[in-house]
Amino acid sequence: MTTATSTDFHDKSGSTLKEWIFTTDHKRVGVLYLVGAIAAFIVAGIMALGIRLEQMSPGESGLINYFVLDFAKTMPTGTAYNVALYFHGAAMILAFLIPALTGFAANYLVPLMIGAPDVAFPRINALSLWLFWAGILVALMTFFVTDKPDIMWTGYPPYSVTTTANTALYVFTVHLIGFSSILGAVNFLVTIIYMRAPGMGWDQMNIFVWTTFAAFMIQIVFVPVLASAVTLLLFDKYMGTGFFDPTRGGDVLLYQNLFWFYSHPAVYVIFLPAVGLLFDIIATQARNHVFNYKACVYGGIIGILAITGEVWIHHLYIAGMPDWLRIGMMVSTLLISVPVGLLLISLWGTMYKGAIHYNVSMWYAVVCLFLILVGGLTGIPLAITSMTVHLSETSFVHAHFHFIMGLMATFAVFSAVYHWFPKITGRSADSAIAKWALWIKVIGTQVTFWPLFIIGVQGMPRRYWDYAMFPQFETYHTIATAGAFLIAIGVILMVGGWVWSAFYGPKTDSNPWKSKSIEWTHAESPPGPGNFPKPVAVDPYWTPYNYIEWDHDKY
Amino acid sequence: MQQHVALDVAGHGHSSADHAGGHHWEVSWAPMAISFGTMFLVPLTFVFALVYKMPLVAILCAGIGTPLVLAGIARWVHEGATQPSAISNVSPVGVGVFIIGEIFIFLGLFASYWMMRLSAGDAWPPPGTPHIGTTLPIIMTFILVGSSITYHKAEELYEHGDKKGFLTWVVISMVLGAAFLGCTIYEYSHLIHQNFTPATNQFSAAFYSLTGFHGSHVIVGLACFLFVIIGALRGGLHKMFVKVAGIYWHFVDVVWFFVASQVYFW
Amino acid sequence: MLKRFETLITAGAAYLLMAGIAVAGTPHAAAPGGIKNPAHEWNIVWEEILWDLWIVGGIFAIVAIWLLVKFRAKSPDQVGSAPPLNLDKALAWALVPAALFMADDFLLAAKGWSLWNLQRTVPANAMEVKVTGNQWYFEYDYGNGVTDTDLTVPVGRPVVLRMTSNDVIHSFGLTEYRVKEDIMPGRITHIWFYPDKPVETAVVCVEFCGNSHSQMTNAVKAVPQADFDAWMAKKLEKKKPAAAAQPAAPAAAEPAKTQTP
Ligand code: HEA
Ligand code: HEA
Ligand code: CUA
Ligand SMILES: [Cu+2]
């Protein structure tokens with residue numbers, strides 16, 4: 001097995017800074033994606049702290065203005081809150097989570113896992129990266145213009161058209177990051193189809209590769225529709241067209257339909273790779289094979305892919321949709337629990353008769369198992385029309401998606417960073433501080449988001465900075481705010497730990513988990529340009545999870 | 001029992017230097033230049049021109065963006081012709097995937113158009129719509145289909161190594177494409193003269209979005225042809241690039257059938 | 001081969017069982033004469049769904065904990081020893097759970113849908129009030145010239161609201177009555193609720209509509225019929241003293257229409 005050391009392989013000539021900034025190497029592109037995504041996470045997280053502070057008491061505290069850099073308080077508190085919430089939602093989804101999963105994780109891992117030297121179109125890959133960064137920069141302009149966008153990440157017209165705020169920044173952020181995703185899809189679909197190591201069949205791919213494949217199938221079909229929706233928004237606001245203006249024959253619900261036609265599938269662009277990461281981490285740490293691989297792939301992943309396009313109406317249950325649309329979409333939304341359930345059975349089964357080695361990344365994954373249950377199952381009442389007429393637009397919805405997305409998928413990203421840290425840096429990030437950071441965050445998140453379930457069922461509306469009509473919720477909001485600051489401490493410890501470990505962490509060998517997956521068995525840590533000292537090929541019985549040998553005649 | 005591990009290819013003979021990617025970090029400044037150039041050229045120019053009404057800053061942004069994008073593309077094409085790629089012959093598949101994405105953008109726009117159109121019932125075209133002739137779009141259709149055929153011819157000659165013939169037919173395709181754009185410009189100016197602007201009514205909004213968006217694709221296609229010609233003249237034109245430009249152009253052609261039939265003849 | 005049949009049969013049986021429960025569990029139609037209060041029904045269905053979710057989640061959680069404890073590695077070099085699944089087992093592990101999940105989904109869908117029918121079937125004797133949303137207040141029109149910015153309704157009579165907006169999208173959220181629906185320019189939407197006891201609550205605007213979105217609220221007063229009549233009489237008097245003799249109660253709404261866009 002390959003255990004080449006880094007010195008005999010790298011060409012160290014040339015300036016390193018230039019090699020990083022102008023890189024077209026998928027690993028470095030991946031790392032630069034991660035840097036951008038974490039930066040977005042921190043800024044959006046700081047907005048969340050502002051939101052929580054403002055919501056701590058029913059009336060106005062006015063602190064939120066400082067968070068959006070409005071020190072002179074030229075904006076009303078309500079507007080400042082809306083700006084912060086707009087940035088929080090948009091940046092967390094578009095600039096943090098999707099890029100962290102389909103940018104960082106996909107870039108770093110997919111070529112290594114399938115034994116390819118790079119992605120199919122490395123320059124297009126770099127183009128994706130920098131379009132994403134351009135999107136972040138445009139989004140950050142929010143803080144430096146006077147007419148800060150206040151339209152929420154959903155950007156519903158007519159408000160987004162009639163507001164005096166700068167809707168264009170939102171539209172262009174979506175355009176840039178969306179175009180980046182489309183190019184990412186071009187790259188990864190081609191890479192996965194054509195660049196698998198000789199001999200590697202579809203059923204021999206890591207689950208994460210499968211989920212990335214599925215996620216990009218979703219992106220290539222649905223992102224363009226979002227792009228067209230926000231483009232029409234731009235025309236309506238700045239060119240005087242009336243696509244969404246009912247007084248001129250337009251339709252206010254058209255935008256919502258187009259928006260959710262993308263943005264529901266987008267949740268599986270997040271969910272699938274996140275679960276894919278969990279599969280690979282848990283299989284590795286349990287030194288076990290994936291339970292019922294085919295059911296997981298063809299039932300779970302492909303199943304989600306098949307249903308995801310037919311459920312978007314569940315975001316429009318209270319928007320006066322006709323009944324025939326509701327009942328079909330309600331049933332199909334509920335039926336998503338079937339493929340998701342199959343995924344979970346495979347995930348749970350991967351631990352069965354395994355040998356689970358606990359370390360910090362495994363602990364993150366363990367936490368995710370429970371977060372999936374809470375976040376996923378609370379989607380079920382939301383899927384039921386008659387329940388949603390009460391629950392919709394309350395903080396119950398917040399709690400639902402923060403559990404599944406803000407916590408589960410986010411923790412999956414963190415878990416992945418720890419798990420592949422030795423691969424990326426050659427050093428370990430596992431330390432007492434890392435574990436402290438985890439458990440502080442676990443406590444913080446539970447303290448933050450369970451109260452939101454409770455007051456959500458009692459009617460706490462979304463996007464409310466002033467809830468004078470519900471003074472009884474103040475205690476819950478205060479508790480939630482305290483939790484958010486706990487999370488912040490955890491995040492600081494974790495990110496600080498990463499940076500420290502990247503330079504000073506204990507060195508590891510090239511396969512510390514004794515994994516069977518190609519990125520560990522065939523590449524050094526960190527891998528050099530071209531990834532593998534020698535080209536990789538696999539035999540027909542190889543799988544990334546073959547910790548024990550089977551009698552292949554029997555199975 | 002036999003150990004099933006990923007094998008190293010037995011007796012791989014080539015030296016590390018000619019193995020794809022080589023053993024040094026690949027760099028290119030082209031993607032970054034194009035990305036940030038695009039950022040200046042589109043979002044910033046738009047925001048300063050139409051949101052903040054600061055034409056000078058807008059022109060400045062366009063002035064920064066345009067050369068960045070052009071230099072980036074030129075560099076990219078140059079590198080594409082001179083540097084080995086990680087895997088060859090998959091570019092057409094890549095464009096294919098990209099075209100799927102494009103189809104869905106058009107579908108989003110068409111869906112909006114259909115919704116408005118169908119909910120308007122008989123009140124269509126809405127008041128304020130001048131007579132829009134169907135002769136011009138028919139001519140335009142012939143021009144565009146013609147250009148697809150001429151480009152196909154060019155590709156054939158390229159296969160046979162007839163560089164001069166190839167160049168001739170690419171130029172003819174370009175001229176046809178430019179003629180198509182000319183028709184659009186003529187039509188637009190004519191209509192705007194009759195106060196039919198995007199803001200006039202629902203139909204004008206859809207009309208300009210659909211034909212405009214299609215027109216922007218024609219421009220991109222023409223730009224591809226331009227780089228094909230430059231590449232051919234300078235030598236080192238990649239076969240795949242010829243093919244990719246062709247696939248894209250045929251796609252633009254096919255989309256036109258939908259645009260024309262929905263917008264002009266429905 | 002036989003085994004594969006067993007799998008299918010087990011899956012089918014599980015499915016039929018759950019479908020049966022679904023049918024049996026469907027709430028029955030309202031007792032003749034009485035009005036079923038959708039808000040109460042909501043609470044009941046909610047409780048049932050919560051049970052369902054706690055059971056499903058509980059099973060998964062307990063199994064997870066068992067797996068995590070039971071299969072922790074005993075030595076640093078230990079590897080897993082799970083045997084591969086043969087085709088029958090693989091199929092069974094896919095089809096049986098899928099059937100169970102599906103059956104649960106249909107159960108929930110059936111329960112939810114019958115409540116939805118109740119929520120959308122406006123009782124014939126409902127009092128109609130027109131609601132108009134503005135940035136940032138609601139306006140109520142009782143159809144007899146009386147308008148107000150608080151909503152006052154008599155106890156014991158269903159109320160149907162026909163709603164539209166003058167500017168952006170709002171949403172009419174009645175926490176107490178467990179309903180809400182968006183209010184949109186260019187469309188008319190409706191909800192109905194049943195004030196069965198005198199209580200003053202608030203309506204909240206729950207669709208984001210700008211700066212004062214969170215302050216777009218007003219009182220919703222359910223008052224005894226006598227108080228309501230008195231209130232209405234006073235309103236009418238103030239409005240146009242000459243017309244005070246007009247009947248106070250607004251006309252009953254026509255039976256529920258389907259969505260009028
Ligand atoms: C990663 C992101 C993510 C994921 C994976 C999901 C997953 C799901 N979501 Fe969620 N959702 C969001 C992110 C996500 N959601 C966001 C961001 C919003 C708000 C957007 C906004 O308005 O701003 C939202 C809002 C939202 C709504 C709209 C609420 C409203 O605004 O009124 C609905 C309604 O149906 C819904 C439902 C679901 C369902 C049914 C699932 C299912 O996929 C869940 C499936 C999982 C399980 C069911 C659990 C595991 C399965 C089992 C244990 C098997 C057995 C289970 C059963 C048989 C029930 N979600
Ligand atoms: C991935 C998605 C994601 C993530 C991770 C989060 C994370 C968090 N969210 Fe967010 N949230 C959304 C997606 C997400 N959210 C979306 C989509 C909405 C809806 C928006 C809308 O309605 O339109 C929303 C809305 C939303 C609301 C609703 C407000 C309202 O409707 O009125 C609230 C309120 O509590 C909230 C809170 C939080 C908190 C406390 C966190 C915390 O977990 C955040 C933790 C992070 C930090 C605290 C940052 C720590 C860093 C520092 C302190 C700096 C340190 C510096 C260095 C290390 C250099 N979120
Ligand atoms: Cu009106 Cu929110
Ligand atoms: Cu959804």
Side-chain angles (χ1 to χ4, degrees), chain A residues 9 11 18-19 22-25 117-123 126-127 130-131 134 137-138 166 168 172 176 182 185-186 189-190 194-195 220-221 224-225 227-229 232 235 238-243 248-251 254 258 518 521-522 528-530 534-539 541-542 546 549, chain B residues 1-9 12 16 19-32 34-36 38-39 42-43 46-47 50-51 76 79-80 85-87 90-91 93-94 97-98 100-102 104-105 107-109 111-112 115-116 119-120 126 197-199 201-202 205 209:
Chain A
F9 184 48
D11 174 5
K18 185 183 147 209
E19 278 179 356
F22 295 139
T23 189
T24 59
D25 180 89
D118 205 320
V119 292
F121 312 107
R123 268 183 294 267
L127 185 62
W130 295 113
L131 283 171
L137 292 182
V138 171
N166 193 332
F172 287 119
L176 288 167
I182 293 176
V186 169
L189 294 179
V190 175
Y194 288 98
M195 293 179 74
I220 195 66
V221 169
V225 177
S228 69
L232 298 183
F235 290 169
Y238 299 104
M239 316 274 212
T241 60
F243 286 100
R248 297 166 57 193
D251 184 346
L254 174 62
L258 292 173
I518 291 177
T521 52
H522 280 63
K534 300 177 204 157
V536 183
V538 301
D539 76 30
Y541 291 127
W542 172 88
N546 56 342
E549 285 302 318
Chain B
M1 223 180 279
Q2 187 203 346
Q3 270 289 91
H4 291 294
V5 293
L7 309 167
D8 295 328
V9 169
H12 78 111
S16 47
H19 149 221
H23 279 183
H24 57 88
W25 296 104
E26 296 281 346
V27 290
S28 168
W29 53 262
M32 192 194 244
I34 296 176
S35 299
F36 288 115
T38 310
M39 181 180 84
V42 186
F46 184 100
V47 166
L50 282 145
V51 183
W76 189 309
E79 287 173 355
S85 47
I87 173 174
V90 290
S91 310
V93 188
V97 176
F98 184 70
I100 295 176
E102 294 261 42
F104 278 90
I105 301 190
L107 269 182
L109 296 177
S112 313
M115 286 275 287
M116 285 188 321
S119 61
T197 66
N201 59 30
Q202 294 309 100
S209 321

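Each chain gets a letter, A, B and so on, in the order its sequence line appears, and its residues count up from 1. Keep in mind it's a predicted model, so treat the numbers as computed, not measured.
- Closest heavy-atom contact between S28(B) and R123(A): OG-CD, 3.8 Å.
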Check: Between M39(B) and V138(A), is a side chain to side chain contact (heavy atoms under 4.5 Å, CB included) present by the stated rule, with each step listed?
Finding: CA-CA 8 Å; M39(B) 181 180 84; V138(A) 171; 3.9 Å; yes
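- Both the backbone and the side chain of A120(A) come within less than 4.5 Å of a heavy atom of chain B.
- When heavy atoms are compared at a cutoff of 4.5 Å, T197(B) does not approach chain A at all.
- For I220(A), the parts sitting under 4.5 Å from any heavy atom of chain B are the backbone and the side chain alike.
- With a 4.5 angstrom heavy-atom cutoff, Y238(A) touches chain B via backbone and side-chain atoms both.
- To the nearest 0.5 Å, the span separating CZ on F172(A) from OG1 on T38(B) amounts to 12.0 Å.
- Nearest heavy-atom pair across P198(B) and T241(A) is O-CG2, 3.4 Å.
- The shortest non-hydrogen separation linking A168(A) to V51(B) is CB-CG2, 3.9 Å.
- Of the atoms belonging to L131(A), heavy atoms from both backbone and side chain fall under 4.5 Å from chain B.
- L107(B) does not touch chain A: none of its heavy atoms, backbone or side chain, sits under 4.5 Å away.
- Between the side chain of Q202(B) and the backbone N or O of G242(A) there is at least one donor-acceptor pair closer than 3.5 Å.
- Distance check: S112(B) OG to L258(A) CG gives 5.0 Å after rounding to the nearest 0.5 Å.
- Of all the listed residues (T24(A), T23(A), V225(A), D251(A)), the one sharing the greatest number of non-hydrogen pairs under 4.5 Å with chain B is T24(A).
- In this structure, the portions of F243(A) lying under 4.5 Å from any heavy atom of chain B include both its backbone and its side chain.
- Residue M115(B) comes nearest to L254(A) through the heavy atom pair CG-CD1, 3.7 Å, listed as atom of the first residue, atom of the second, then distance.
- Looking at E26(B) and D25(A), their side chains never come closer than 4.5 Å, going by heavy atoms from C-beta outward.
- Within the 4.5 Å cutoff, no side-chain heavy atoms of L176(A) are placed close to those of V42(B).
- Residue with the most contacts toward chain B among I182(A), N166(A), V119(A): N166(A) (heavy-atom pairs, distance under 4.5 Å).
- Contacts between V221(A) and chain B at a heavy-atom distance below 4.5 Å involve backbone atoms as well as side-chain atoms.
- L189(A) pairs with exactly one of V97(B), V93(B), I100(B) by the side-chain contact (heavy atoms from CB on, under 4.5 Å) rule, that one being V97(B).
- The heavy-atom pair separating G108(B) from S228(A) by the smallest distance is CA-OG, 3.4 Å.
- With a threshold of 4.5 angstrom between heavy atoms, F22(A) approaches chain B through its backbone and through its side chain.
- Contacts between F36(B) and chain A at a heavy-atom distance below 4.5 Å involve the side chain alone, from C-beta outward.
- By the 6.0 Å contact criterion, OH on Y194(A) is open, its count of non-hydrogen atoms from other residues, nucleotides or ligands being 12 or less.
- Between A134(A) and S35(B), the shortest heavy-atom contact is CB-O, 4.4 Å.
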